[in-house]
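To start, the structure itself, in structure tokens.
Values below: all heavy atoms of this structure, side chains included; hydrogens, waters and symmetry mates excluded. Proteins come first, then strands; the chains are lettered A, B, ... in the order of their sequence lines, and each starts at number 1.
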Amino acid sequence: MTEPSKLPHHGVPEHQPAAGGIAARARAAAGPQYLNGLNPEQREAVETLDGPVLVLAGAGTGKTRVLTTRIAHILSQGRARPHEILSVTFTNKAAREMKLRLGQMLGQAVEGMPWLGTFHSIGGRILRIHAELVQLKSNFTVLDVDDQVRLLKQLLQAENIDDKRWPARMLAGLIDGWKNRGLAPSQVPSGEAAMFGNGKGGKLYASYQERLKILNAADFGDLLLENIRLFRENPDVLRQYQNRFKFILVDEYQDTNVAQYLWLRLLSQAPSRPGVPLSAIIPGAAGTTVIPGRIEDANPDVQSHIEESGDNEESLRDSGSALSAHPGMTETATPTASSPPKNICCVGDDDQSIYGWRGAEVDNILRFEHDFPGAKVIRLERNYRSTGHILAAASHLIAHNEGRLGKTLRTEDVDGEKVTVTGSWDSEEEARAIGEEIEELQRAGENLNDVAILVRASFQMREFEDRFVTLGLPYRVIGGPRFYERAEIRDALAYLRVINSPADDLAFERIVNVPKRGLGDATVQLLHDHARKRRMPLFEAARAVVETDELKPKARGALRDLILQFDRWRAQREVTAHTELAEIVLDESGYTEMWQKDRSADAAGRLDNLKELVRSMEEFENLQGFLEHISLVMDRDGDASDEAVSLMTLHSAKGLEFDNVFLPGWEEGLFPSQRTLDEQGRAGLEEERRLAHVGLTRARRRAKLYFATNRRIHGTWSTTIPSRFLDELPSANVEITESKGGSGWGGAGGYGPSRFDNVESFGSSYTTPGWQRAQANRNRSQGGRSGQARGGFEESQSSFSGGFSRNKRGPIVIEGELVAKSTGTVSEFSLADRVFHQKFGYGHVVKIDGNKLTIAFEKAGEKKVVDSFVERV
DNA sequence: CATATATTTATTTTT
DNA sequence: TAAATATATG
């Protein structure tokens, strides 16, 4: 592969062989100083460089430290150069953290770790290099959910599917799920695909993918899925990467989904060489089932994919590969032929797997030893974070889960304060109580930066915000809506996207009429019709239509102006810095003005955000580079400067720690979230429990739990009962306290929902939850339709045989043909043809100019129209 | 075509 | 409850 390595080879010794022998041992014992202070397990995790390693790192056991030290170790041992290490994390936050820590450990060498990043950013990066092999151009856009949904809506419309009954959002979710499982359109189980849109789910997925190619776009899932396809279809490309990455490190392995797993598997296989038995590479062939429990019934999807990648590997095998060991590598550095150099190290904690709903497969971590035979499993169980009581509570709670690898966290810290549980009358009182306790902590000299409130669902934050505002307590919301998800940012980006890639219909559509230019639905619809018929981008369609009389003069003028503006901006792009260009665009388009005129409360904030956006562009070399990264790595700007309480969801708290952690809302239905229970049943409950475990283990010194008896769910108040998780805490480490919020709960004996108490005790749940679950599932699988299952079934069958909707659209055309068609075709009309036009009626052709016709209409007079709008009669 | 008003409907977690 | 969407009106 020719990808230039942009890294300065920063003081990484290329010579010294890392002889695995006595010399190395001796040196290690003396110890490079970065090894100092590691406990024996950590040290083992760092120093076991060869072969697969799974590090089971419980909360607060120094996971990140192990990862970064391991990288430092690899580098300083000369086992690989920075660009030969693939290091993937799940979140940008984690990637940043690792870069930071590595930087501290190694000086500036972090610049030289080009392959340290999230799955998605690395996937995207590889994809851009080989874009043409997956029918994209290297400047493809990454679509966000909004774009996706808009696109799907159009497809649903084209298929004549009622988007009330089959919402685009739902389809987006389905497709995302398929992509998470590594399924291309042809691989989706047909039964599953047929469940959406009267059997059209699969077809919709396929045409969605087609559209993405035409739009030169990829969605999040594609960043991985298309990568997998790239590797499967181009063994030589795969081999380049297999050769390149001498070491692979994976953070939060418990959160990987099937696609990520497959991707890792492909990369972690040895660069193919003759003589490696297939069974050494393909886990399925080995038949060694190491792990107990539910791992046995492994996901069939995974199985089939493993086999596929096996085939792939086999086809690779014959072509000998030049294993280009770099100068510093000795024989011992490269494992023997019988054991491929799968130097993959995955770090994770099955007890912190909380992204199952996003397709994460806990099985991936549970099955590691099976997938990577000969793997070394190292457990990190010494917790350096929490005090005794907190750790005991967390451990005891998580012990209620089955299907875990099992770790016992221990600490040498003092017992500290007990975990407290506080009940309050309603959620307002809960917020009041927490507010007071925080003020108390503040008075006692606690730093507010060491205080966090972790909620299950983001709607809970509101009450705290309200309360803190009235108290004047500084707080900061972490992980709210992402910066680039704000409307104004996306509008601005849309302008830049259209400049950068004129075929970006979604971006164009977003801003044609923002600010208002008199180009409403009707105009856009017209452009769509033309674009579809002519198989051209909307922008081009607009260019054509402006030349005609299709539009009313007003709209036509506005559209012409817009096109001219874009032409001008595109020209300016060559001579103007991208930041300056952005300012010009925002100004000349009237976008800034639109917000300046807006007198609503948040208009000023939006203008600030726009400034912030322009400022953030400075970090990038050019517009292209900026656009490539924006959707992947832009997240909220934490002004961590001021002292403030942190307010966030449990999910976004993973990986963080605080002295004082407040955990409100421990109520049935909210904390074991009813929805998760309904959808995932037992597995869902266990995931919720892991979430609780994550919450507790964020705390260093104080963990405080709360529940309220009354909570407003959506508009209406409802009575709730304390979470079952509270019952699962060990009483020895917990203290029940009175709410300090004043009135309410203790006094009123009228806390009367005792009739619910017996309904919901653990396990005895067939009456309410079970029934609800069944119902919810039924509704869900039928796409939320209200009728009985049978009715829906018949309906979908009938429309199958009818083949009704195909006519509307004509045959699906493959991209190659589209391109051919859209460039310079000769009109199929001849002079004097009699034609019909929807709006202008009958007439005859008097002039032909490419696809533009001049027609003398009988009623409307002479008009210029586009040929796609008239038909010969 | 744009705006104001009525109605509906959905409410987790995120790369 | 509030946000998002449909409908009526200018």
Side-chain angles (χ1 to χ4, degrees), chain A residues 88-95 117-124 142-146 148-149 153 163-164 167-170 172-173 176 179-180 218-225 251-252 255-257 259-260 353-360 454-463 478-482 484-485 487 512-526 551-552 554-555 558 631-636 648-654 665 669-680 684 687-688 690-692 694-695 711-718 784 786:
Chain A
V88 281
T89 63
F90 198 65
T91 64
N92 291 307
K93 200 165 67 186
T118 65
F119 277 101
H120 294 271
S121 64
I122 290 175
V142 178
L143 260 42
D144 53 44
V145 197
D146 242 47
Q148 266 181 78
V149 170
K153 238 179 215 157
D163 65 348
K164 279 280 175 276
R169 275 201 174 282
M170 183 185 190
D176 194 49
K179 288 186 175 176
N180 283 156
D219 63 19
F220 269 86
D222 281 342
L223 295 181
L224 284 159
L225 191 57
D251 191 16
E252 307 280 19
D255 283 334
T256 51
N257 60 34
Q260 288 158 339
S353 162
I354 54 176
Y355 285 103
W357 52 275
R358 260 201 67 218
L454 311 182
V455 296
R456 174 68 245 271
S458 49
F459 72 82
Q460 291 173 262
M461 292 192 198
R462 224 194 120 123
E463 249 148 339
I478 309 245
R482 266 133 230 287
Y484 68 84
E485 276 170 9
V512 248
N513 204 27
V514 178
K516 299 262 188 285
R517 311 190 161 83
L519 299 170
D521 292 346
T523 308
V524 173
Q525 197 51 51
L526 186 95
L551 289 169
K552 287 190 210 129
K554 209 173 122 210
S631 52
L632 292 176
V633 295
M634 266 292 267
D635 45 346
R636 60 107 220 295
M648 69 188 98
T649 64
L650 285 161
H651 282 87
S652 43
K654 193 169 72 164
L670 174 60
F671 197 169
S673 148
Q674 190 58 52
R675 191 160 164 183
T676 305
L677 258 40
D678 290 346
E679 282 169 15
Q680 326 263 358
E687 180 153 316
E688 293 286 302
R690 289 193 290 267
L691 203 46
V694 167
R711 190 172 289 275
R712 203 165 38 185
I713 296 296
H714 2 262
T716 49
W717 287 94
S718 53
S786 53

Please state how far atom [atom1] in [X] lies from atom [atom2] in [N], giving the value in whole angstrom units.
X: A:Phe459; N: B:dT12; atom1: CZ; atom2: P; result: 8 Å
X: A:Asp678; N: B:dA10; atom1: CG; atom2: P; result: 16 Å
X: A:Arg711; N: B:dT12; atom1: CZ; atom2: P; result: 15 Å
X: A:Ile354; N: B:dT15; atom1: CD1; atom2: C1'; result: 13 Å
X: A:Tyr484; N: B:dT15; atom1: OH; atom2: P; result: 7 Å
X: A:Leu691; N: B:dT14; atom1: CG; atom2: P; result: 10 Å
X: A:Asn513; N: B:dT3; atom1: CG; atom2: C1'; result: 13 Å
X: A:Leu551; N: B:dC1; atom1: CG; atom2: P; result: 8 Å

Counting any heavy atom closer than 4.0 Å, what does [X] reach on the DNA or RNA strands: base, sugar-phosphate only, or nothing?
X: A:Thr523; result: sugar-phosphate
X: A:Arg169; result: nothing
X: A:Asn180; result: nothing
X: A:Phe90; result: sugar-phosphate

Point to revise | Electrostatic pair A:Asp219:A:Lys179 at N-O distance under 4.0 angstrom | key: yes
Exercise for review: Would you mind checking if A:Asp176 and A:Arg358 are paired as a salt bridge, meaning a charged N to carboxylate O distance below 4.0 Å?
Suggested key: no
Expected output: side-chain [X] to main-chain [Y] donor-acceptor under 3.5 Å:
X: A:Asn513; Y: A:Lys516; value: no
X: A:Ser121; Y: A:Thr118; value: yes
X: A:Lys93; Y: A:Ser652; value: yes
X: A:His651; Y: A:Ile354; value: yes
X: A:Gln680; Y: A:Leu677; value: no
X: A:Arg517; Y: A:Val512; value: yes
X: A:Glu688; Y: A:Ser673; value: yes
X: A:Asn180; Y: A:Ala259; value: no

Check your understanding: So which nucleotide from B:dT15, B:dT14, B:dT12 ends up closest to the side chain of A:Thr649?
Key -> B:dT14
Study note, to complete from the structure: Regarding the side chain of A:Ser652, the nearest nucleotide among B:dT14, B:dT12, B:dT15 is B:dT14
Revision key, fill the gap. Comparing A:Lys516 with A:Ala457, nearest DNA chain B nucleotide closer to 5' gives the residue A:Lys516
Check your understanding: Considering heavy-atom distances to DNA chain B, does A:Ala555 or A:Arg358 have its closest nucleotide positioned more toward the 5' end?
Key -> A:Ala555
Exercise for review: Give a yes/no on whether any side-chain N or O of A:Thr91 is located under 4.0 angstrom from OP1 or OP2 of B:dT14.
Suggested key: no
Review point. Does a side-chain N or O from A:Arg675 land closer than 4.0 Å to OP1 or OP2 of B:dT12, or not?
Key: yes
Check your understanding: Reading DNA chain C 5' to 3', which nucleotide is the first, and which the last, to come under 4.0 Å of any heavy atom in chain A?
Key -> C:dT1 to C:dA6
Revision key, fill the gap. Given Watson-Crick and G-U pairs under 3.5 Å, DNA chain B in dot-bracket ([ ] crossing, | other strand) is ||||||||||.....
Check your understanding: Roughly how far apart, to the nearest Å, are B:dT11 and C:dA6 at atom P?
Key -> 16 Å
